Number of protein chains: 2
Amino acid sequence: MSNAELHDLLEVCKALANPTRLQIMGWLRDPSDHFAPQADPMEEVGVCVKQIQEKAGISQSTASQFMSVLQRAGLVESTRIGQWTYYRRNQERIAALPGLLSASL
Amino acid sequence: MSNAELHDLLEVCKALANPTRLQIMGWLRDPSDHFAPQADPMEEVGVCVKQIQEKAGISQSTASQFMSVLQRAGLVESTRIGQWTYYRRNQERIAALPGLLSASL
DNA sequence: TTGAGGCATCGGAACATTCCGATATAGCGA
DNA sequence: TCGCTATATCGGAATGTTCCGATGCCTCAA
C-alpha cells in the first residue's frame, strides 16, 4: 500500500468516475465492433477522436478532454498520425489494475 | 459488459475517487494496525465512526457521510451495536471487483 | 498558398462534490 | 429522568467537475 500506488489508483478511479469515460473504455476493447472503419487500422493504432465524439454524442472539445483524462490516468495511450490522434487501451496498465486494487485498496 | 455491472462499477469508482475514502478502505483492511481498541472486537464487527473520524482528521458529519457513500457503493457493511455503528469491509464484494473490471472495463 | 478537416486548449456557465457546523435521534449510565 | 456520547441528517459555502462554443495550431489536398 505504497503512497505512489495509492495515488495512481485514485487517479484511475477519478478518470473512471464518469459514465461516458467508462463507456469509452469499454468501446475501445473491441474497436471494430463499435466504430466505423477509418484511415488507419484501429486494432493497431486505436480510434480517432472524431469517432469517439460521434459515438458518445459529445462535443469535440469534450471528447478531446476526456481522452486526455484517461491518458493522464494511464488507461489509454495515443499515436498521432497525420491529422489524426488515435487512442487505444493501455492494456498492460489495465491488466495491472487488479493487482493495484489488491495492493492498495 | 451488462448495464447493471457498468453502473455498479461506476458507483464504486465514484466512491473511491476521493483520497480520504480510499485511505479509509485501506485502514479497514487491518483495523487493529490502524485503530485503537474499542468496546467491541473490530476484527469481527468493524470500526466505529468516531475512530475513523479521528484517524482521518475530518469532522463527525463528514465521516458519517463518507461511510454512507462507501456503503451505498457496496464496499463496506455496517452493524449497529448500542450507540456505535461499526463499519467493516464487504470482502466478498471487494474480491469480486477484479472480475467486475474485466467484465465491464 | 489557400482552404478544409481534425485536434487541443481556453474561458466560462451549470452542476456536483466536499466538508463543515448546527440540529435531531437514540443508547447508556448515574 | 437527565445528561453524555455516538451517530445521522440538514443546510450551505467553498471547491471541483462537466461540458460547451470559440479560437488557434497543424496536416493534407487542391
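The chains referred to below are lettered A, B, ... by the order of the sequence lines, with proteins before strands, and numbering in each begins at 1. Just so you know, these numbers come straight off a predicted model, no measurement behind them.
- Between B:V49 and A:K14, the residue anchored closer to the 5' end of DNA chain D is B:V49, taking for each the nucleotide with the nearest heavy atom.
- What separates OH of B:Y86 from C1' of D:dA6 is a distance of 10 Å, to the nearest Å.
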Between the protein and nucleotides 19-21 of chain D, which nitrogen or oxygen pairs are less than 3.5 angstrom apart?
{"from": "D:dC19", "atom 1": "OP2", "to": "A:N18", "atom 2": "ND2", "distance (Å)": "3.4"}
{"from": "D:dC20", "atom 1": "OP2", "to": "A:S59", "atom 2": "N", "distance (Å)": "2.9"}
{"from": "D:dC20", "atom 1": "OP2", "to": "A:S59", "atom 2": "OG", "distance (Å)": "3.0"}
{"from": "D:dC20", "atom 1": "OP2", "to": "A:T62", "atom 2": "OG1", "distance (Å)": "2.6"}
{"from": "D:dG21", "atom 1": "N7", "to": "A:S61", "atom 2": "OG", "distance (Å)": "3.3"}
{"from": "D:dG21", "atom 1": "O6", "to": "A:S61", "atom 2": "OG", "distance (Å)": "2.9"}

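- Taking atom CG of residue A:L10 and atom C1' of nucleotide C:dT18, one finds them 14 Å apart after rounding to whole Å.
- Contact detail for A:L75 and A:M25: the closest heavy-atom pair is O-CE, 3.6 Å.
- Other residues, nucleotides and ligands contribute more than 12 heavy atoms inside 6.0 Å of the CD atom of A:E43.
- Residue B:T85 is in sugar-phosphate contact alone, with no base atom involved, counting any heavy-atom pair closer than 4.0 Å across all strands shown.
- The CD-C1' distance, from B:Q53 to D:dT9, rounds to 15 Å in whole Å.
- The minimum heavy-atom distance between A:V49 and A:A63, with the atom names listed, is CG1-CB, 3.9 Å.
- Using the six-membered ring where Trp is involved, B:F35 and B:W27 have ring planes that are perpendicular, over 60° apart on the 30 and 60° scheme.
- A single hydrophobic cluster is seen to contain both A:L16 and A:L28, as judged by linkage of ILVMFWY side chains at heavy-atom distances under 4.5 Å, directly or through other members.
- Inter-axis angle, ends of the helix from C:dT1-D:dA30 to C:dA30-D:dT1, five pairs per end, rounded to 10 degrees: 20°.
- A distance-only check finds a donor-acceptor pair linking the side chain of B:S102 to the backbone of B:G99 [under 3.5 Å].
- With hydrogens and angles ignored, a donor-acceptor pair closer than 3.5 Å exists between the side chain of B:Q83 and the base of D:dT5.
- For C:dG27, the OP1/OP2 oxygens have no side-chain nitrogen or oxygen of B:R80 closer than 4.0 Å.
- Residue-level contact check: A:Y87 touches the backbone only, with heavy atoms under 4.0 Å from sugar-phosphate atoms and none from bases.
- A straight line from CD of B:Q38 to C1' of D:dA6 spans 12 Å, rounded to a whole angstrom.
- In this structure, the side chains of A:M67 and A:S78 stay at 4.5 Å or more apart for every pair of heavy atoms.
- With hydrogens and angles ignored, the 3.5 Å screen pairs no side-chain donor or acceptor of A:Q53 with any backbone N or O of A:S64.
- Using modelled atom types, no side-chain atom of B:R72 and backbone atom of B:A15 make a donor-acceptor pair closer than 3.5 Å.
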